[in-house]
Structure formats: C-alpha cells, structure tokens
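Take a look at the structure set out below.
Here is the naming used below: chain letters follow the sequence lines, and residue numbers restart at 1 for every chain.
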Amino acid sequence: MNYTEIEKKWNKIWEDTKIYKFDNKNLDKKFYLLEMFSYPSGASLHLGHWWNFGLSDSFGRFKRLQGYNVFQPMGFDAFGLPAENYAIKTGIHPEDSTRHNIKVMEEQLKAMGATFNWDYELITCNPDYYKWTQWLFIQLYKNGLAYQKEAPVNYCPSCNTIIANEQVVDGVCERCGSTILRKNMKQWFFKITKYAEELLSGLDTIDWPEKTKALQRNWIGKSVGAEVDFKVDGLDEKLTVFTSRADTLYGVTFLVIAPEHKLLSKLIKPEYKKQVEDYILQSSKKDEITRTSSTSPKTGVFTGTYVINPLTSEKVPLFVADYVISTYATGIVMGVAAHDSRDYDFAKKYNLPIKQVIEKCEGETELPFTEYGKLVNSAEFDGFSSEEAKTKIVEKLEKMGEGRFKINYKLHDWSVARQRYWGCPIPIIYCKHCGTVPVPEKDLPVKLPHITDYKPDGSGPLGKCEEYMNTTCPICGRPARREADTLDTFVCSSFYMLRYPESLHNNDEIFNRDYCNKMLPVDCYVGGVEHATGHLLYSRFITKFLRDIGKLDFDEPFKRLFHQGMVLGPDGKKMSKRNTSRTADDYIKEYGSDALRLHMMFSLKYVDGGIWNDEGLKHIKAFMERVERIILKWQNDKGTSKKYEAEEKELDFVLNRTIKEVAENFETFSFNSAVARIMELVNAMYKYDTVKEKNGQLMEKTIKNLLIILSPSAPHFTEELWEQIGEKYSIFNQRYPKYDESKIALDTVEIAVQINSKIIARIDIDSNLSNEEVLKVVKENEKVASLINGKTIVKEIVVPKRIVNLIVK
RNA sequence: CCAGGUGUGGCGGAAUGGCAGACGCACAGGACUUAAAAUCCUGAGAGGGCAACUUCGUGUGGGUUCAAGUCCCACCACCUGGACCA
C-alpha cells in the first residue's frame with residue numbers, strides 16, 4: 001500500500017464529503033472534545049504537534065464511532081509576546097507574521113486529515129473575537145471585579161520598561177544586566193480572589209488529575225487563622241497581624257513589618273530614620289524570589305517603635321524585615337521565636353528574647369518547636385492543647401475587640417494589563433470630568449490600530465498613537481483619552497471554550513445562554529500541565545463569574561481533563577531543532593502518518609510522555625502490513641467449517657475481549673494498551689489461519705471489526721482497506737462493535753490452587769461451578785489431596801475464576 | 001526547605017488487593033531461501049538442576065492481609081512545581 005497516496009486520497013474525500021461536520025441541531029449525544037488551542041508559530045508541525053493533536057483526534061474518532069456527535073473545534077491563541085519580540089528583532093509587523101503563521105499552520109493541521117471542525121475556527125486577534133474579550137472586561141468592571149490599584153512591578157531602569165518575573169534573573173534584567181527596581185505602578189486587576197473559596201471547593205466536583213488539583217489547591221493556598229491587633233505604644237494607631245498559630249500569642253517577643261508597608265513611615269522613630277530608609281532601599285533592589293527564598297539570610301532593622309500585646313500588655317519591639325511580604329495577609333507578622341524557625345533565626349541574630357509557650361506532650365521540648373503541643377506560660381490557657389487554645393484565645397480577643405477569626409489565601413488578584421502592543425485593547429476611556437468610563441457595548445470592538453512603533457518603553461506603545469488615544473467621553477462628549485495598555489493573552493483564552501460553539505455565527509452576544517448550557521461543559525479537555533495554575537484557573541474563574549451574571553448555568557468549564565506528557569529529544573530535553581534530526585514530515589514521507597500515529601500511541605504512555613525513539617516505527621509499519629495481509633487473505637475465504645469448534649471459540653473470545661478492552665483503554669487515554677490488545681487480536685487471527693476448516697462468517701466478522709476498532713488509530717489505512725474489502729464509504733460512519741459477554745465467558749478457566757498462599761497447582765475448572773463445587777474439584781485433585789492429607793483445613797478462600805487458597809495446619 | 005509525582009526484565013511499558021512482567025523491541029532457535037532481507041513459527045525475569053523441579057524477584061526497611069507492584073508507616077533516588085505564606 002502506498003501510504004502517501006492513500007493519505008492524500010482520503011484526506012480529500014473526507015474534506016469533500018464533509019464527513020466530520022458537526023450536527024448542531026442534534027445535541028442529545030454531543031461530545032465536546034477540546035485540545036488547548038495553540039500559539040501560531042511559523043515552524044512546520046513537529047512531533048509534539050502530532051502527539052497532541054493526532055492522538056486527541058484519534059480519541060475523537062473513537063467517540064464518533066461510539067455514536068457521539070463530536071464537536072472538536074480548532075483555533076489560535078494569536079495575541080502575545082513571541083510575535084512582538086519576533087517583530088522587534090526582524091521588523092516584520094506582528095500582525096503580518098501572525099497571519100502568515102496561522103495560514104501555514106492551518107494548512108498543515110488540515111493535512112493531518114484530522115476531524116477538526118474548521119468551520120468553527122476562532123482566532124483571538126480577530127476583532128470579531130476580541131470584541132467579546134472587551135465585553136467580558138466591561139462586565140467585570142461593572143461588577144467591581146476589574147479594578148485599578150497600585151502594585152509593585154519589576155522595572156528595568158536601562159531598558160526603561162516593566163518586565164515579567166520570568167525575565168528577572170538573580171535580580172538583574174536578563175537582557176541588559178541592570179539591577180531591577182521594584183516600583184509601584186497603577187495597574188488593572190481582575191478580582192479572582194473573590195472566588196478563592198469556590199475555586200478550591202469546586203475541585204472536588206471535577207474529574208481532573210489529582211496532581212493538577214493539588215497544584216491549584218497549593219496556589220490558592222488557604223490558611224485558616226486569626227487577626228490580632230497590637231496597639232502602637234505612644235501613637236493612636238494599631239497594627240494587625242495574621243497568624244495561624246494564635247495559641248502562641250503569649251510567646252510574642254517582637255513584631256515584623258514589611259518594608260513596603262503603607263503605615264511604616266509613620267512608625268519610625270526619628271533617631272532610627274536613616275537606618276530604616278537605607279534598609280528599605282536595599283531591599284527594594286532585591287526581586288521577590290531572592291528576597292523571600294528560605295535560604296537567604298534573615299535581615300532587618302529596629303524601627304524604634306514598640307507595640308503592645310493585647311493579652312499580656314507587654315511592650316515588644318517593632319522591626320522591619322524583608323522576609324515579610326507586604327502582599328500576603330496584613331504584611332505584618334508577630335514574632336514567636338520559640339515556635340517558628342524563621343522567627344527563631346531572626347531573634348538569635350538580633351538578640352531578641354525567646355519565650356517558650358508550647359511544650360511537647362511527651363518528652364523534651366527542643367526549640368524552635370513548631371508543632372502542636374500543650375500550652376505553658378500562657379496565663380489561664382496553660383494546659384490547653386494547641387488546637388483548643390487556637391479557638392479559645394481568639395474568642396477572648398473577639399470579646400475584647402482586638403482580634404477575630406480570619407481565613408487568608410495566597411491567591412492574588414490577576415494582574416491583566418500589559419504595557420505592550422500586540423494584545424487586546426482595554427476598553428476604557430479616561431475623561432477629565434467623568435473619570436474612568438468603560439466603552440459602551442455598542443461601540444465594541446475598540447480596534448487595535450496598525451502602528452509601526454511598537455517598541456516597549458514602560459508605558460503602553462498605543463500611547464504614542466494619537467489617533468487611537470484621542471476620543472470623546474461616552475458620557476459627556478468632551479475630548480478624552482483611551483487606556484494605552486492591552487490585556488494579558490490569558491484573558492483571551494479564559495473564555496474561548498464558551499465562545500467556540502457559535503464562534504462565527506453569533507455576532508449579537510458572546511454566546512447564547514441556552515445553547516451554551518447544552519454544549520458545555522467541555523466533556524474532555526486535553527492540554528499541558530504547565531497551565532495548571534494559569535489558564536485552567538482563569539477559565540474556572542471566568543466561568544463562575546459568567547454564571548453569577550446569569551450568562552450560563554454551570555460551575556465548571558472542563559468536566560474531565562487529561563494532560564499529555566512531553567515527547568522529549570534523545571538528550572531528555574524538550575524537543576528542538578538542536579536535538580532532533582528528523583521532522584514529522586520526514587517520518588510521514590517514509591512511513592505514513594498512520595504509522596507515525598500508531599507508533600506514538602504504542603511506544604509511550606500518553607500521560608507520561610518520554611524520550612522519542614523512532615526505532616519502533618518500522619515495526620509498526622510491519623504490523624500494519626501484517627494486518628493488511630491477513631485481511632486481504634481472508635476477505636475471499638468463504639471457509640468450510642460446519643461446527644463451532646474450539647479454535648473458533650478462541651478467536652471469537654479474543655475478538656470480543658478486544659472489542660471490550662480497546663474501548664476501556666481509549667476511555668482512559670491508555671492508547672498503548674489499546675494497540676497491544678489489537679495486536680493480540682491479529683495474533684489470534686494468524687493462529688486461527690492455520691486451522692484447515694475455517695468459519696467464513698466468523699472471519700468476515702473479525703476482519704470488519706478489526707478494521708473498525710483500528711480505525712481511530714490508523715484512519716487512512718483502515719478506510720482504504722474498508723474500501724478494498726468491498727464495504728461502503730465510510731468506515732467512520734460505522735458503529736463501534738458491541739461485544740458479546742457470553743463469548744468472553746469461557747467454559748473452563750484455569751484456576752491457581754494455593755496451599756498456605758503458595759501456588760502448588762493450576763487446574764482447569766468448569767467456569768459455571770459454584771464456589772463449593774470448585775472447592776470439591778480442587779480437593780479431589782491428586783496433588784492437592786496428597787498435600788492436605790492428614791492436615792486440618794482452617795480456612796478456604798475462593799476467588800471466582802482466579803484462585804483457590806487453602807490454609808492448612 | 002515544602003508540596004506533588006514517579007521508581008517493575010537489556011529497553012518502551014502491562015497488571016479492579018488474587019498466577020508479576022500483557023503487548024512490542026532487542027536476543028536466541030527453527031521453517032522458507034543458493035544466501036541475505038522480508039515473512040511465518042517457537043523460546044525466553046534472574047540463579048541452580050539433564051530433568052521433573054526449585055530458590056530469589058516490582059527502589060530500601062518495616063507493617064496490615066489467607067494473599068501486596070497495588071493499602072499503611074519510615075527511608076533513598078529521580079522528576080515537576082512553589083519558594084520564608086506568618
């Protein structure tokens with residue numbers, strides 16, 4: 001068979017006959033299968049693309065055979081930094097390179113012959129898409145969930161721009177090597193923290209990998225504790241700390257405040273002003289990662305100020321130290337040197353007192369002791385357990401009005417503004433008279449202008465485009481200015497799965513509520529684990545928000561999630577031009593795309609990935625030829641068998657078991673096992689082929705079923721053979737075969753017999769016997785009988801069709 | 001440091017608590033061939049034994065169980081995240 005030719009042939013026929021068109025009128029058995037859409041890069045499809053798209057296409061084809069109306073759309077996440085950086089380097093406008101790359105990728109993805117629903121294609125940099133990105137922004141704004149606030153950013157004084165955390169290497173700019181400054185700038189945020197609790201609890205309702213759920217739980221970082229107010233000595237001011245260990249409150253010997261804290265300037269005693277200001281300057285030069293690394297030495301200085309412990313009325317010193325972060329909780333912590341290792345280190349270094357208030361329930365207590373124990377030196381709470389005290393102490397503080405129970409999350413609000421050109425414009429207008437005004441929905445989209453000077457300079461490049469910036473206020477009609485920043489691309493991708501089903505058909509609303517409720521949630525979502533705390537969290541947030549404003553009725557966008565593992569180069573690193581000598585196209589030319597796909601399915605575990613090895617490709621091709629030979633041989637063999645012989649039963653058994661297990665394996669993305677089962681069936685066919693009197697009907701049934709079962713994994717190859725054995729187009733309009741349970745239940749099964757848990761014999765036994773009858777047969781067995789003779793059986797265990805275990809004394 | 005994941009032949013990898021190593025590769029043997037390749041068939045975890053058979057085996061050490069790769073505890077190694085989260 002000439003694989004190149006048949007691939008061309010069938011790709012064309014499939015496209016011409018629109019065999020995979022999604023039937024959007026008939027949603028009773030819809031299946032929404034989604035692969036994370038990709039960023040349009042210019043290079044040709046590499047093995048990773050085949051791994052991602054080819055195998056999920058196979059899954060889609062499998063669901064289609066099962067009778068599902070499969071919706072598997074495709075599109076591009078087209079805004080973003082790479083195009084812009086490429087543009088800055090080459091001078092090619094991001095719009096031009098992006099459009100070009102999309103075209104190239106579309107052609108190549110179509111050439112895969114995959115079943116994607118191209119008529120629903122969606123491209124995030126198209127105005128008819130980003131109109132809805134802007135609409136979403138405005139809804140968030142109107143509901144108080146999009147807001148501006150001052151927040152620290154990484155600023156490079158030599159490149160004159162804000163840079164992302166990832167571009168800061170050891171505190172310096174990765175491009176020019178200048179020391180990065182931490183600067184407060186006014187920025188746009190989405191209030192994802194409003195949904196912290198629900199994002200956490202919702203994880204229990206979805207079928208996702210545990211690993212991914214754990215990543216999100218960690219990221220959200222719920223911490224249950226209390227806030228405690230400390231009065232400032234000599235000032236009418238109080239400092240609030242957050243603690244998860246209220247039981248250690250009697251052990252507080254100092255307080256620590258973050259260098260960026262707003263109240264700090266008021267709290268410094270004049271004689272300490274210089275040293276504190278020097279310290280603040282020093283720490284502003286460190287980036288957050290170096291500063292907060294647990295391995296960095298703890299530093300800090302005294303402010304000259306004392307605060308008063310509400311329970312003991314003791315005066316304790318207030319320090320400023322950069323191991324405390326201003327953005328978590330209140331930005332002030334209580335120092336309990338005896339029961340926190342950081343506080344312990346700090347106290348040792350600055351000679352602060354260490355006061356033990358918890359002791360181990362049994363044995364010597366060694367400081368710092370950070371576990372729960374029994375309270376000591378804590379007035380009326382002495383003898384309480386840590387757990388009890390955590391409640392009782394806060395209850396007391398509540399009565400005094402100086403503390404309260406509090407839950408904190410590590411999750412921060414989502415910073416969405418980018419001082420970049422190639423992104424979705426933020427639909428906001430600033431008017432001197434009316435303030436911040438959202439663009440009216442009827443005026444959307446705010447189109448991204450085609451400008452040529454898009455170099456980043458710290459403020460949005462759009463700011464230099466006067467035509468764009470100058471507008472009129474929608475409220476008062478007087479001249480006003482637009483927002484110059486654009487949106488993070490993760491905003492674009494946070495709702496695309498909701499928009500897909502009617503992407504090009506509905507220009508009146510983001511999506512129709514009823515239709516959306518029928519099409520979603522996504523039944524199966526496939527994509528990389530690296531999006532666990534980004535895209536996957538944002539999408540969940542936006543879905544919950546849209547539910548709250550009445551646009552849809554479900555809580556979670558992705559019911560089921562799979563991550564592909566990564567296909568790695570021979571050096572165990574991510575595939576690149578450097579470590580791979582051959583492209584997907586090279587392999588396809590030599591072996592065909594079906595062989596490539598089958599090899600990928602069979603040789604690595606899909607969810608784990610692994611090092612790419614092309615060794616097996618020729619064997620997979622050999623396997624395909626083995627399939628072809630037996631099918632072509634059997635198609636004209638009418639057989640002569642009259643009775644249903646043992647050999648026929650065996651083939652029928654393997655056939656039915658294969659039908660059953662391949663489906664189960666596909667369902668869990670265990671493609672390697674699915675292919676193994678199919679190989680077993682082929683082996684069984686070759687074995688049956690040696691029988692002289694063969695059953696023609698069984699052979700016909702077997703080759704047809706084999707082709708259907710194999711078709712999702714080798715679509716062109718099986719479609720071609722389906723035609724060659726004289727069947728009607730198309731194999732993909734067939735149904736996945738049903739298996740016959742009675743054929744899988746064998747008449748006799750081999751049972752392993754154990755005496756005292758050790759296997760001593762294997763006996764063929766009628767599978768219909770009851771446990772008692774099985775035991776009888778086993779005990780009559782010569783070997784068993786001789787071994788149990790004269791001994792007492794104390795226990796008999798029968799596992800039907802598997803094991804009999806006799807415990808004797 | 002913390003969290004999560006992984007650990008099974010020479011290799012990729014299978015195993016609802018129930019015969020570990022399915023399937024495939026590499027390997028060995030046989031058939032076909034002048035020969036090779038391809039194809040078809042057979043064998044095979046490791047050690048011991050001519051053999052029937054036997055001992056040991058899923059990172060290490062313990063535990064639960066009639067029965068553990070699978071469940072529990074501790075440890076080791078590797079991978080991936082997170083970094084002092086109060």
Subject >> C1' gap between B:A14 and B:C41, integer Å >> reply: 24 Å
**OP:** Could you check which nucleotide pairs with B:G45 in any of the strands shown, counting Watson-Crick or G-U wobble with both distances under 3.5 Å?
**Re:** B:C56
Original post:
At under 4.0 Å between heavy atoms, what does A:E210 touch on the DNA or RNA strands: base, sugar-phosphate, or nothing?
Top reply: nothing
**OP:** Nearest whole angstrom, please: distance from the C1' of B:U65 to the CD1 of A:I807.
**Re:** 11 Å
Original post:
Base, sugar-phosphate, or nothing: which does A:E750 touch, judged by heavy atoms less than 4.0 Å apart?
Top reply: base
Original post:
Atom OH of A:Y409 and atom C1' of B:G82: how far apart are they, to the nearest Å?
Top reply: 20 Å
Original post:
For the pair made of CD in A:Q216 and P in B:G4, what is the distance, rounded to whole Å?
Top reply: 16 Å
Subject >> Heavy atoms from other residues, nucleotides or ligands near NZ of A:K791 exceed 12 (cutoff 6.0 Å) >> reply: no
**OP:** Kindly point out which of B:G18, B:A86, B:G81 is positioned nearest to the side chain of A:Q754?
**Re:** B:G18
Subject >> Nucleotide of B:C41, B:G13, B:C23 approaching A:N683 most closely (side-chain heavy atoms) >> reply: B:C23
**OP:** Flag the pair A:K694 and A:D689 as a salt bridge only when some basic side-chain nitrogen lies within less than 4.0 angstrom of an acidic carboxylate oxygen.
**Re:** yes
**OP:** For atom NZ of A:K211, decide whether the heavy atoms of other residues, nucleotides or ligands shown that lie under 6.0 angstrom number more than 12.
**Re:** no
Original post:
Mind checking the C1' distance from B:A20 to B:U70? Whole angstroms is fine.
Top reply: 11 Å
**OP:** Test for a donor-acceptor pair under 3.5 Å between the base of B:A86 and the side chain of A:R342, counting only N and O atoms.
**Re:** yes
**OP:** Taking atom P in both B:A15 and B:A52, compute the distance separating them and give it to the nearest angstrom.
**Re:** 32 Å
**OP:** By nearest nucleotide on RNA chain B, pick out whichever of A:K801 and A:D608 is the more 5' one.
**Re:** A:D608
**OP:** Using the C1' atom as the reference point in each nucleotide, state the distance between B:A74 and B:C23 in Å, no decimals.
**Re:** 36 Å
Subject >> Candidate pair A:R677 and A:E680, rule salt bridge (Lys or Arg N to Asp or Glu O under 4.0 Å), full reasoning >> reply: CA-CA 5 Å; A:R677 296 290 88 78; A:E680 281 169 347; 2.8 Å; yes
Original post:
Are A:S283 and A:Y323 close enough that some pair of their side-chain heavy atoms sits under 4.5 Å apart?
Top reply: no
Original post:
What interatomic distance, in whole Å, is found between P of B:C27 and the corresponding atom of B:C79?
Top reply: 31 Å
Original post:
OH of A:Y372 versus P of B:A86: gap in Å, rounded?
Top reply: 10 Å
**OP:** Could you let me know what B:A26 is paired to, Watson-Crick or G-U wobble, both distances under 3.5 Å, or none if it's on its own?
**Re:** none
Subject >> Basic-acidic side-chain contact under 4.0 Å: A:D229, A:K238 >> reply: yes
**OP:** Determine the contact category for A:A622: base if any of its heavy atoms lies under 4.0 Å from a base atom, sugar-phosphate if only primed atoms, P, OP1 or OP2 are that close, otherwise nothing.
**Re:** sugar-phosphate
**OP:** Scan A:R629 against the nucleic acid and name what it touches under 4.0 Å (heavy atoms): base, sugar-phosphate only, or nothing.
**Re:** sugar-phosphate
**OP:** Could you let me know what B:A51 is paired to, Watson-Crick or G-U wobble, both distances under 3.5 Å, or none if it's on its own?
**Re:** none
Original post:
Are side-chain N/O atoms of A:S58 and A:R597 paired as donor and acceptor at under 3.5 Å?
Top reply: yes
Original post:
Which part of the nucleic acid does A:G565 contact within heavy-atom distance under 4.0 Å: base, sugar-phosphate only, or nothing?
Top reply: nothing
Subject >> Spacing of the C1' atoms in B:G18 and B:C71 (rounded, Å) >> reply: 14 Å
Subject >> Rounded interatomic separation in angstrom, taking CG from A:L681 and P from B:G24 >> reply: 12 Å
Original post:
On a plain distance test, is the side chain of A:R217 in donor-acceptor contact with the base of B:A3 below 3.5 Å?
Top reply: no
**OP:** Grab the CE-P distance between A:M566 and B:U80 for me, whole Å please.
**Re:** 9 Å
Original post:
Is any side-chain nitrogen or oxygen of A:Y328 closer than 4.0 Å to OP1 or OP2 of B:A86?
Top reply: yes
Original post:
Which nucleotide sits closest to the side chain of A:F602: B:G18, B:C25, B:C23?
Top reply: B:C23
Original post:
Is the base of B:C19 touched by the side chain of A:R802 through a donor-acceptor pair closer than 3.5 angstrom?
Top reply: no
Original post:
Got a donor-acceptor contact below 3.5 angstrom from the A:K213 side chain to the A:L200 backbone?
Top reply: no
Subject >> Any-strand Watson-Crick or G-U partner of B:U39, both distances under 3.5 Å >> reply: B:A31
**OP:** Determine the Euclidean distance between corresponding C1' atoms of B:G4 and B:C56; express it in Å to zero decimal places.
**Re:** 34 Å
Original post:
Will you find, in the side chains of A:D614 and A:Y587, an N or O donor that is under 3.5 Å from an N or O acceptor?
Top reply: yes
**OP:** Please determine, for B:A77, whether a Watson-Crick or G-U wobble partner exists with both distances under 3.5 Å, and give it or none.
**Re:** B:U6
**OP:** Taking only the side-chain heavy atoms of A:K758 (C-beta and beyond), determine which of B:G18, B:U55, B:A86 contains the nearest atom.
**Re:** B:U55
**OP:** By nearest nucleotide on RNA chain B, pick out whichever of A:N672 and A:S757 is the more 5' one.
**Re:** A:N672
**OP:** For ring-ring contact (aromatic ring centres under 6.0 Å, His included), just list the numbers for A:W414 and A:Y538, CA-CA rounded to whole Å, side-chain angles, deciding distance to a tenth of an Å, and then say yes or no.
**Re:** CA-CA 9 Å; A:W414 175 14; A:Y538 299 144; 3.6 Å; yes
**OP:** Compare the minimum distances between each of B:A86, B:A14, B:A83 and the side chain of A:S673, then state the nucleotide with the smallest one.
**Re:** B:A14
Original post:
If you look at every strand shown and take non-hydrogen atoms under 4.0 Å, does A:Y686 touch a base, only sugar-phosphate, or nothing?
Top reply: sugar-phosphate
**OP:** Check the chi torsion on B:G9 and let me know: syn if it falls within 90° of 0, anti if not.
**Re:** syn
**OP:** Using a cut-off of strictly less than 4.0 Å, decide whether A:T690 has a side-chain nitrogen or oxygen near OP1 or OP2 of B:C40.
**Re:** no
**OP:** Compare the minimum distances between each of B:A86, B:C25, B:C40 and the side chain of A:A329, then state the nucleotide with the smallest one.
**Re:** B:A86
Original post:
With respect to the phosphate group of B:A38, does any side-chain polar atom (N or O) of A:R626 fall under 4.0 Å of OP1 or OP2?
Top reply: no
Subject >> Short side-chain N/O contact from A:H339 to OP1 or OP2 of B:A86, under 4.0 Å >> reply: no
Original post:
Given atom NZ of A:K213 and atom C1' of B:G82, what is their separation to the nearest angstrom?
Top reply: 21 Å
Subject >> For atom NZ of A:K605 and atom P of B:G5, their distance in whole Å >> reply: 14 Å
**OP:** Under 4.0 Å between any heavy atoms, over every strand shown, what does A:I797 touch: base, sugar-phosphate, or nothing? Just pick one.
**Re:** base
**OP:** Please state the C1' separation for the pair B:G17 and B:U65 - nearest whole angstrom.
**Re:** 9 Å
Original post:
Of the nucleotides B:A3, B:A86, B:A22, which has the atom closest to the A:N218 side chain?
Top reply: B:A3
Subject >> Sugar-phosphate only, base, or nothing, as touched by A:N408 at under 4.0 Å among non-hydrogen atoms >> reply: nothing
Subject >> Under 3.5 Å on both distances, the Watson-Crick or G-U partner of B:G69 >> reply: none
